[in-house]
Structures are given as structure tokens and as C-alpha cells.
Amino acid sequence: MSVTKEIIDQEALRVKTGVYGEIHLHKEGTFLRAYDWSAWLCCRYLHEFKVNKRTFKGIDEPVAYIGFPETSLAKWMPEGAATEAVDEKHVKMVLPPIMLIDDGQAMESAYGEWKAAIPLTEMHGGQRKREQGDDVESLFEAPPAASLTSIMQRVLAYPIESKSPIECMTFLADVKQRLAKLF
């Protein structure tokens, strides 16, 4: 069984057993990667990372994943979250309960919509290629804000105390844009 298949199976098992607030990060070189549910949690509660989705040999469904340098972990970690080393190549981040105000069913529904909206990335000769039919503009669009609740969760999780005034201003401008899209 491949390592990726084991990771995907563990992600699915966590959701089935109701463990919704854990992000599992896997070390790959100098980067940390999150897959499927953990990738969704990262994009929803930490930052809007660039998401890839591709097929893997031996895995029935396409897999969504994100990655960032291991040195950036502290930058993306929300206030009140805790990390724990599972082993030398696996880190678990437990999100604070205040961030997870949706019930499990709502979270699973939002996750399904998020994953379905990600275009499949195919590998060709070492180059990534999006599915045909994707227009150029859609490659650069940020994921849409799901709801007022998700915006509020981002505001609550934003570590304003550890950010510069410019970073706070940029964050506020982003919040303002997302709110404008809702109304």
C-alpha cells in the first residue's frame, strides 16, 4: 500500500469517526503537505493555499492537497491551536474548538463542495496541466467565500497580535472584498 493511500484512508477514517478539528501535515523534504480533509481545513481556517487535485495510482478518487514550507508553520498556525509530532514525518495540529462552530454534517457538506470545485491537475512530462475547458481567468480566482460564518471564523482565527500593520491592513481588505461578494 502506498504512503499516499494510507494518508487518504486515515483522512477518511477521521471524518467518519467525527474527528473534525485535526489537521495532519506530512513532511516531504522541506515542505509540509496536507491532503483532502486536512487540506480543506488549512484552506478554510489557516490561509487560502493553492490547491492541487490529481489522481494517484491505487486510489479511486482524485486527491486534493496543499503544501507550504515547514518554516512557515508558525506563520499559519491560529491562536489557540496546538501541534504535536506524531512521528518524524507527521505533525498534527488541533484547531481550537471556538473555530469549529459548524456541526459535522455542515462541515462535511462544505468539504464536499470545496473538493468538487477544484479542477483536476494532470501531470504531463513533469508539467502540471489543468483540465481542458478551464479558462485562464479561473486559474487565478481565489476560492469564493462560502458564507458570513466562514468569514467570521477567519477573523476570529487571525492572529492580529503577531502581524504587522501592513499584514493586518491586507487581511482587512480581503475580508472587505469577501463581504462585498456576499451582498
Side-chain angles (χ1 to χ4, degrees), residues 1-102 104 107-108 110-112 114-129 142-143 150 153-154 156-164 167 171:
M1 181 183 299
S2 75
V3 173
T4 305
K5 178 152 178 52
E6 287 178 23
I7 292 169
I8 298 308
D9 290 346
Q10 289 171 355
E11 289 289 319
L13 181 62
R14 285 187 315 106
V15 174
K16 284 181 186 174
T17 58
V19 181
Y20 297 112
E22 292 182 0
I23 296 174
H24 290 260
L25 302 164
H26 302 273
K27 293 182 185 181
E28 295 181 16
T30 60
F31 280 76
L32 291 173
R33 266 202 184 165
Y35 295 87
D36 280 347
W37 184 266
S38 290
W40 174 72
L41 288 173
C42 285
C43 291
R44 183 168 183 176
Y45 297 109
L46 306 184
H47 177 72
E48 287 185 25
F49 294 100
K50 180 183 181 305
V51 183
N52 289 299
K53 183 168 91 173
R54 72 180 190 94
T55 58
F56 286 86
K57 198 177 227 179
I59 301 175
D60 297 334
E61 294 281 322
V63 175
Y65 60 94
I66 61 105
F68 56 88
E70 184 177 1
T71 56
S72 298
L73 180 60
K75 175 181 177 181
W76 303 124
M77 201 163 114
E79 189 174 332
T83 59
E84 171 188 329
V86 176
D87 61 42
E88 65 183 43
K89 294 193 173 264
H90 182 182
V91 176
K92 175 173 74 171
M93 179 188 299
V94 180
L95 296 174
I98 192 167
M99 292 180 74
L100 306 172
I101 61 174
D102 291 335
M107 290 177 76
E108 288 182 42
Y111 162 74
W114 171 81
K115 188 171 177 183
I118 301 167
L120 190 63
T121 305
E122 296 179 19
M123 303 299 273
H124 291 286
Q127 298 289 328
R128 292 185 179 134
K129 180 181 174 189
S150 67
Q153 289 170 336
R154 286 179 53 97
L156 287 172
Y158 191 75
I160 191 169
E161 301 81 12
S162 64
K163 300 294 184 180
S164 72
E167 289 173 314
F171 177 75

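Basis for what follows: all heavy atoms, side chains included, without hydrogens, waters or symmetry-related copies.
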[atom1]-[atom2] distance between [X] and [Y], expressed to the nearest 0.5 angstrom:
X	Y	atom1	atom2	answer
Lys89	Glu28	NZ	CD	8.5 Å
Phe31	Thr71	CZ	OG1	8.5 Å
Thr4	Asp9	OG1	CG	10.5 Å
Leu46	Ile23	CG	CD1	4.0 Å
Trp76	Ile66	CH2	CD1	10.0 Å
Leu25	Arg33	CG	CZ	12.5 Å

Considering all heavy atoms of both residues, which atom of [X] and which atom of [Y] are nearest to each other, and what is their separation?
X	Y	answer
Arg54	Thr121	CB-O, 3.1 Å
Gly67	Phe49	O-CD2, 4.4 Å
Asp36	Trp114	O-CZ3, 3.9 Å
Leu100	Gly21	CD1-CA, 3.4 Å
Ala34	Ala39	O-CB, 3.4 Å
Pro78	Met93	CD-SD, 4.0 Å

With a cut-off of 6.0 Å (strictly less than), are more than 12 heavy atoms of other residues, nucleotides or ligands near CG of Asp87?
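Yes.
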Do other residues, nucleotides or ligands put more than 12 heavy atoms under 6.0 Å from the CD atom of Glu79?
no
Mind checking whether Glu84 and Val91 have side chains closer than 4.5 Å, heavy atoms only?
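A side-chain contact is absent here, since even the closest heavy-atom pair is not under 4.5 Å.
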If we count only N and O atoms by modelled type, under 3.5 Å, do the side chains of His24 and Glu22 hold a donor and an acceptor together?
yes
Walk me through it: do Glu70 and Thr30 pass the test side chain to side chain contact (heavy atoms under 4.5 Å, CB included)?
CA-CA 6 Å; Glu70 184 177 1; Thr30 60; 5.7 Å; no
Parallel, tilted or perpendicular: which describes the rings of Phe56 and Tyr35, with under 30° parallel and over 60° perpendicular?
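Plane angle over 60°, so perpendicular.
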Would Arg44 and Tyr111 count as a side chain to side chain contact (heavy atoms under 4.5 Å, CB included) here? Give the steps.
CA-CA 9 Å; Arg44 183 168 183 176; Tyr111 162 74; over 6 Å; no
Please evaluate residues Glu108 and Trp37 with respect to the criterion side chain to side chain contact (heavy atoms under 4.5 Å, CB included), reporting the C-alpha separation (whole Å), side-chain torsions for both, the decisive distance (0.1 Å), and the verdict.
CA-CA 9 Å; Glu108 288 182 42; Trp37 184 266; 4.2 Å; yes
Test Arg14 against Ser38 for side chain to side chain contact (heavy atoms under 4.5 Å, CB included), laying out the working first.
CA-CA 10 Å; Arg14 285 187 315 106; Ser38 290; 2.9 Å; yes
Is the side chain of Lys115 donor-acceptor paired with the backbone N or O of Ala64 at a distance under 3.5 Å, no angle test?
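No.
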Can you check whether Lys75's main-chain N or O pairs, donor with acceptor, with Ser72's side chain at less than 3.5 Å?
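Absent.
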